[in-house]
Amino acid sequence: MTDALDKTYDPSAIETRWYEFWESNGHFAPSGEGTPYSIMIPPPNVTGSLHMGHAFQDTIMDALIRHRRMLGHDTLWQVGTDHAGIATQMLVERQLLASDISRHDLGRERFLEKVWEWKNTSGGMITEQLRRMGASVDWSRERFTMDDGCSRAVQEVFIRLFDQGLIYRGQRLVNWDPVLHTAISDLEVVSEQEQGSLWHFRYPLSDSSGHLVVATTRPETMLGDTAVAVHPEDERYSHLIGKTVALPLTDREIPIIADSYVDPEFGTGCVKITPAHDFNDYAMGERHCLPMINIFTKDAKLNDVVPETYRGMDRFDAREKIIIDLEALNLLEKIDPHTLKVPRGDRSGVVIEPLLTDQWFVAVETLSKPAIEAVENGSIRFVPKQWENTYYAWMRDLKDWCISRQLWWGHRIPAFYDDAGTIYVAESEEAARKKYSLAPDISLTQDEDVLDTWFSSALWTFSTLGWPDDTDTLKRYHPTSVLVTGFDIIFFWVARMIMMTLKFTGEVPFKTVYVHGLVRDAEGQKMSKSKGNVLDPIDLIDGISLEDLLEKRTGTLMQPQMREKIINTTKRQFPDGLQSYGTDALRFTFCSLASTGRDINFDVGRIEGYRNFCNKLWNATRFVMMKIDGHTLDELDTTHMTVFDRWIRSSLQATESKVAQAIESYRLDLASQAIYEFVWNEYCDWYLELTKPILADGGASKETQAATRRTLVGVLETILRLAHPLIPYITEELWQQVAPLIGRGGDTVSKAPYPISDASEVDTLAEADVEWMKSVIVAVRTIRGELNLSPGKEIPMMLAGGTSGDRDRLARLESLIVPLAKLSEIRFQDVNDPIPASSTQLIGQLEVHVPIAGLIDVEAEVTRLEKQVKKLEGDIRGLDGKLNNPGFTNKAPADVVERERGRLAEAEAQLAKITVAIHELRRG
RNA sequence: GGGUGGAUAGCUCAGUUGGAAGAGCAUCGCCCUUACAAGGCGAGGGUCGGGGGUUCGAGCCCCUCUCCACCCACCA
């Protein structure tokens, strides 16, 4: 406890030590007392590693939780990971593939064993990294979306929804990923603009009276065409409606139909209709009762429905062949270049194929209504508010949610089929037999599919608290207080959580949704592996050499042509790699960038500045410890406080209320700014300096020195508590040394009371005195700076003009101004005393002169003052105009008019004084 | 096609019911001052994207235009 602090702050020397201390002492567990406050961590993928987005988000949550914990609330930060169906299955499959094994070689059961094995050995990386961030989650309650409890909740929800008819199974056109061999939801499809072609083909009329030209971006689907559509009012084609065309390359005749969906302006105005492979065509097919011909296998190869020559071909090979074949038949009219949106699976990156398959769906309509209302009536509030509109827009146009996935890793659908295909839904085969009173000789097989990962995530706030049991934790911590999340998963997760939670608990999952922005690189580019601009939060904490950083950024590159560029940019940006900044600096940076919901551009310059801030705090503590060394600290004797003591304590109150208000309104940027300014610009720059002359030998009375020491430590101790939610490690380290000095015990600062602004400490008089004194000192320093006088050189100062208040203050503060401004003397000139040629600064009506006889270039000083004259003249013109405008004087509030009058008077007086000063200089 | 956010100092961004434009970093001076050179003290730098309107008064409110980013949507 009494170890001397090192001269330089070294985060690596303290951080892990304190985390182990907090965790092993159970300081993060809910206290069970006080107002409950709970946050559910958005469960990171168990396959994941911590990226900047996590680090940002975790910092916000941790700051909120630590703040409440110190306020004495009963805080639960629930931690856990997500099984991430597709991602995890892909990862383990890839590993197996290295040994040339496919999951089918192993079979379902053994494959799942492998996945669990992987999860148990390697799945903990992200939770270790979470610890590095200082996240004060309750590890004793760590959960996993596929643990027994969550799985039970998933089954229960599925069964209840099915029994109520809100989950159904049916054959629908869904987004099919031909590589992963599974359906995916609309949200998992990303469509990007890509360069393609628009092929124009002639479809001969069956009566040989000519042909129609259809335009398509997907020629291969023509084998599944079951109609050609035109707009009903398109005069070019109206006479053909009802006729048929002979579909080339097949022996089928398909009708020409009319549908107003067709845009006559686009292409030729004729659309080939493939109901089984296009969502629009599917809808049209239903409207016109067209046959739906599926021409693809699950690999997106052509199936046996198509003419023999195309069977078994990949869809893109078939495209080439069909184009060639049609051209050979002289049916290719032309090819236009065309940009189009190509839908790809967000995981696999392959082109999605709309495919007719049997899938499970959640009927969302009855669930979405209360979910919309919960936001409308304010039960759930979005911060920033504009996201509510995004939420409404999506919720009001919601399609049924496809929840089945043709994967192995995930929650297996609790549905069983008999030989006739009848569906029985129950948690097990045994339960199904009982529930549906099935004879023992009826054989049942379980559905092969698993559920969309987001299905279990949707239950996260209550499944982790013990639901479906009516547990005490559920009662106490649900609804949770706030959800902290990125906008990218509002639809995936937030909306679905709201629907499911309202349905099954009758409560909202959270009262507030705090939506933060994306973390981008310094140029505002999205961080991505392929761009090679990814920063790893752990590297910012620990530092990384240029060599290792280059290896990281180029080691597993998909597009090798980017390699050179990435190497160059990285070398230019980080010629020496990354320094070790520590967790606290990283966290403080995130906080200071966390303004209202906009994306943040992460610039390493910022983190460096905040690391310096930590160093500042560190050294301020060293200073205080040195000043205290050898003295005992009694209770604060308020009668012996100096004006500075009263000023800094007063200013601290203002900071405390700013910080409290900022955190409560989720403005961690404002909180960090308030702390930064107070610590650096007031406590360090002024207060510590002001204590030096007082604490010097013979500087002040014993009692005054004691009060100063007590204030020095007291304010610092408060600062450490105030800053702890943002920068937990350094504040713990320092607090452990500082707090005992004033008898503030406690195991950890993380459970010490959070500072609350105390109005009785506010002292406006002291604030005014100190502000005045600061401006006098700054005036002298400015003169010094302008005249290039060395800071150490003692110079005389003369004051003139000013009010009786100025004189009064001088009398009280003179002895402190002299050493701080490095003055040889201070003289107050009377009205009639001559002022020698000097450099002049004005503080209101008070003139600060430093005689410059022989010291400097008179012309330079004159030029400087003339610049001020110009500015003042401008100000006066503006103020004059304003005050001579009856519109202003009549309509503006009296206090505003009064203020402007005051400004005018002051500017005029200043102008007069400067004019005199210039005159003196010229003469002298 | 619809929607959202943004444009303020060289860079990254604050600016809370409209009342004389701010911070950090960068730049330029002067200082190795016994807490801190990861520091101290000073200085320079902005017709707040363009145009119009409301108002005594606009970075802020209204209209319009330009540019950037993102989201949603079924143009083959």
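Letters A, B, ... are given to chains in the order of the sequence lines, protein chains preceding strands, and every chain is numbered from 1.
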Can you confirm if the aromatic rings of A:F590 and A:F602 lie within a centre distance of less than 6.0 Å?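 Yes, they do, as the ring centres are separated by less than 6.0 Å.
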A:R606 with A:E608: basic N within carboxylate O range, under 4.0 Å: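 No salt bridge links A:R606 with A:E608.
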To the nearest Å, give me how far apart CZ (A:F888) and C1' (B:rA20) are.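 Answer to the nearest Å: 10 Å.
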Taking only Lys NZ, Arg NE, NH1 and NH2, and the carboxylate oxygens of Asp or Glu, determine whether A:D186 and A:K399 approach each other closer than 4.0 Å.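 No, no charged N to carboxylate O under 4.0 Å.
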Specify the separation, in whole Å, of atom NZ of A:K385 and atom P of B:rG5.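 It is 13 Å, rounded to the nearest whole Å.
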Grab the CG-C1' distance between A:N389 and B:rU4 for me, whole Å please.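 Distance check: A:N389 CG to B:rU4 C1' gives 9 Å.
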For atom CG of A:D599 and atom P of B:rA7, their distance in whole Å: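 Rounded to whole Å, this separation is 13 Å.
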Rounded to whole Å, how long is the line connecting atom CG of A:D488 with atom C1' of B:rC70?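 From A:D488 CG to B:rC70 C1': 11 Å.
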Where protein sits on nucleotides 33-47 of chain B, one letter per nucleotide: B base, S sugar-phosphate only, - none, heavy atoms under 4.0 Å: B-BBSBSSSSS----
Dot-bracket, 5' to 3', for RNA chain B please: Watson-Crick or G-U pairs under 3.5 Å, [ ] where pairs cross earlier ones, | where the partner sits on another strand, dots elsewhere. (((((((..((((.....[..)))).(((((.......))))).....(((((..]....))))))))))))....
Sticking with atom P, work out how far B:rG3 lies from B:rC11, rounded to a whole angstrom.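 Result for the P pair: 32 Å, nearest Å.
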Could you state the atom-to-atom distance from CD1 of A:I607 to C1' of B:rC13 in whole Å?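 The distance from CD1 of A:I607 to C1' of B:rC13 comes to 17 Å, rounded to the nearest Å.
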Expressed as a whole number of Å, how far does the C1' atom of B:rA21 sit from that of B:rG59?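 The answer is 8 Å between these two C1' atoms.
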How far, in whole Å, is B:rC60 from B:rA20 if one measures between their P atoms?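 Rounded to whole Å, the distance is 15 Å.
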Whole-Å P distance, B:rG22 and B:rU55: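 Their P atoms lie roughly 28 Å apart.
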Tell me whether A:E188 contacts the main-chain N or O of A:S185 through its side chain, where contact means a donor paired with an acceptor under 3.5 Å.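 A pair under 3.5 Å: yes.
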Given the P atoms of B:rA73 and B:rC68, what is the spacing between them in whole Å?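 Rounded to whole Å, the distance is 24 Å.
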For every nucleotide of nucleotides 71-76 of chain B, 5' to 3': is a protein heavy atom under 4.0 Å from its base (B), only from its sugar-phosphate (S), or from neither (-)? -SBBBB
For B:rG57 and B:rG1, measure between their C1' atoms and round to the nearest Å.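 After rounding to an integer number of Å, I get 41 Å for this pair.
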Quote, to the nearest angstrom, the P distance that separates B:rU27 from B:rA38.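 After rounding to an integer number of Å, I get 14 Å for this pair.
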Of A:R315, A:R319, A:K272, the residue whose pairing with A:T221 passes side-chain hydrogen bond (donor to acceptor under 3.5 Å, both in side chains):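 The residue from A:R315, A:R319, A:K272 that satisfies side-chain hydrogen bond (donor to acceptor under 3.5 Å, both in side chains) with A:T221 turns out to be A:K272.
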Round to a whole Å and report the spacing from CG of A:D875 to P of B:rA21.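 A:D875 atom CG is separated from B:rA21 atom P by 10 Å.
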Length of the CD-P vector between A:Q573 and B:rA26, whole Å: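 One finds 16 Å between P of B:rA26 and CD of A:Q573, rounded.
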Using a cut-off of strictly less than 4.0 Å, decide whether A:R899 has a side-chain nitrogen or oxygen near OP1 or OP2 of B:rG57.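 Indeed not, no polar side-chain atom of A:R899 lies that close.
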When the C1' atoms of B:rA14 and B:rA23 are compared, how many Å lie between them, rounded to an integer?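 Comparing C1' positions in B:rA23 and B:rA14 gives a spacing of 7 Å.
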Give a yes/no answer on whether the side chain of A:N885 brings an N or O atom under 4.0 Å of OP1 or OP2 in B:rG57.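 For B:rG57, neither OP1 nor OP2 has a side-chain N or O of A:N885 closer than 4.0 Å.
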